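Since the structure comes first, as structure tokens, the remarks are kept for the end.
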Amino acid sequence: QLQLVESGGGLVQPGGSLRLSCAASGLSVDYYDYYTISWFRQAPGKEREGVACFGQTGTRTLYADSVKGRFTISRGSAKNMMYLQMNNLKPEDTAVYYCAGARIRSNQCLQAKMYEYWGQGTQVTVSS
């Protein structure tokens, strides 16, 4: 069973930066090559939206239009680690951020329906 744990959220002023981490566990190291692990967020009263992910090749990156140029998704040297660097944060970025996992890779990786596994989320609040 895949387990995902997010960390790194907090309170930051507009224009500030945060780096989120997602740690995956429960799989053999080799199995992570076959999974998509991506970032989503959900603000109060809004649907969960895809923020950033790796596409079918596992190297192409995809981003929501609202975060392009500000957020960067990356994987650590350890295959079970994923990060989201968030720069120039805006109040509208305030949300609970989740990492999500799926057993397949797809260029539709910003679609929540693709994912079987979800972390519990980490709160990001952008406010002055």
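Values in this document were obtained by computation on a predicted structure and should not be read as measured data. Throughout, residue positions are numbered sequentially from 1 according to the sequence presented.
- Hydrophobic clustering places Val12 together with Tyr97 (ILVMFWY residues linked when any side-chain heavy atoms are closer than 4.5 Å, directly or through intermediates).
- Under the 3.5 Å distance criterion, with hydrogens and angles disregarded, a donor-acceptor pair is assigned to the side chains of Thr57 and Thr59.
- Taken from CD in Glu49 to CZ in Phe40, the straight-line distance is 9.5 Å, to the nearest 0.5 Å.
- Residue Glu47 qualifies as open at atom CD: its count of foreign heavy atoms under 6.0 Å is 12 or below.
- Side-chain contact between Val126 and Glu92: absent, with no pair of heavy atoms (C-beta onward) separated by less than 4.5 Å.
- Side-chain atoms of Arg70 come within 3.5 Å of backbone atoms of Asn88 as a donor-acceptor pair (strictly under, hydrogens ignored).
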Test side chain to side chain contact (heavy atoms under 4.5 Å, CB included) applied to Cys99 and Tyr117, step by step: CA-CA 8 Å; Cys99 55; Tyr117 306 101; over 6 Å; no
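- The structure places CG of Leu62 at 9.0 Å from CD1 of Ile73, a figure rounded to the nearest 0.5 Å.
- Follow the hydrophobic side-chain contacts under 4.5 Å out from Val51 and you never reach Leu110; the two are in separate clusters.
- Taking the side chain as every heavy atom from C-beta outward, Thr36 and Met114 approach each other to under 4.5 Å.
- Of the possible polar contacts, none joining the Tyr83 side chain to the Thr72 backbone as a donor-acceptor pair under 3.5 Å is found.
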Intermediate values then yes/no, side chain to side chain contact (heavy atoms under 4.5 Å, CB included), Trp118 and Arg48: CA-CA 12 Å; Trp118 296 85; Arg48 190 167 297 186; 3.1 Å; yes
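- Between the CE atom in Met82 and the OG atom in Ser21 there is a gap of 9.5 Å [rounded to 0.5 Å].
- Atom CD of Glu116 is surrounded by more than 12 heavy atoms from other residues, nucleotides or ligands within 6.0 Å.
- Taking a cutoff of 4.0 Å between a charged side-chain nitrogen and a carboxylate oxygen, Asp93 and Lys90 do not qualify as a salt bridge.
- The main-chain N or O of Ser25 is never found under 3.5 Å from a side-chain atom of Gln3 such that the two would form a donor-acceptor pair.
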Verdict with supporting geometry, Leu20 and Glu6, side chain to side chain contact (heavy atoms under 4.5 Å, CB included): CA-CA 7 Å; Leu20 305 183; Glu6 306 92 339; over 6 Å; no
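- Remark: side-chain polar atoms of Tyr63 are not paired, donor with acceptor, to backbone N or O of Gly69 under 3.5 angstrom.
- Judged purely by atom type and a 3.5 angstrom limit, Ser38 has no side-chain atom pairing as donor or acceptor with the backbone of Ala100.
- Of the inter-residue distances, the one linking Gln123 atom CD with Thr94 atom OG1 reads 7.5 Å to the nearest 0.5 angstrom.
- A donor-acceptor contact shorter than 3.5 Å is absent between the side chain of Gln56 and the backbone of Arg105.
- Of the possible polar contacts, one joining the Thr122 side chain to the Gly9 backbone as a donor-acceptor pair under 3.5 Å is found.
- For the ring pair (Phe, Tyr, Trp, His ring centres under 6.0 Å) test, no residue two or more places apart in sequence or in another chain qualifies with Tyr98.
- Atoms OG and CZ, on Ser74 and Arg19 in that order, are 6.0 Å from each other to the nearest 0.5 Å.
- Trp39 and Phe71 have their aromatic ring centers separated by at least 6.0 angstrom.
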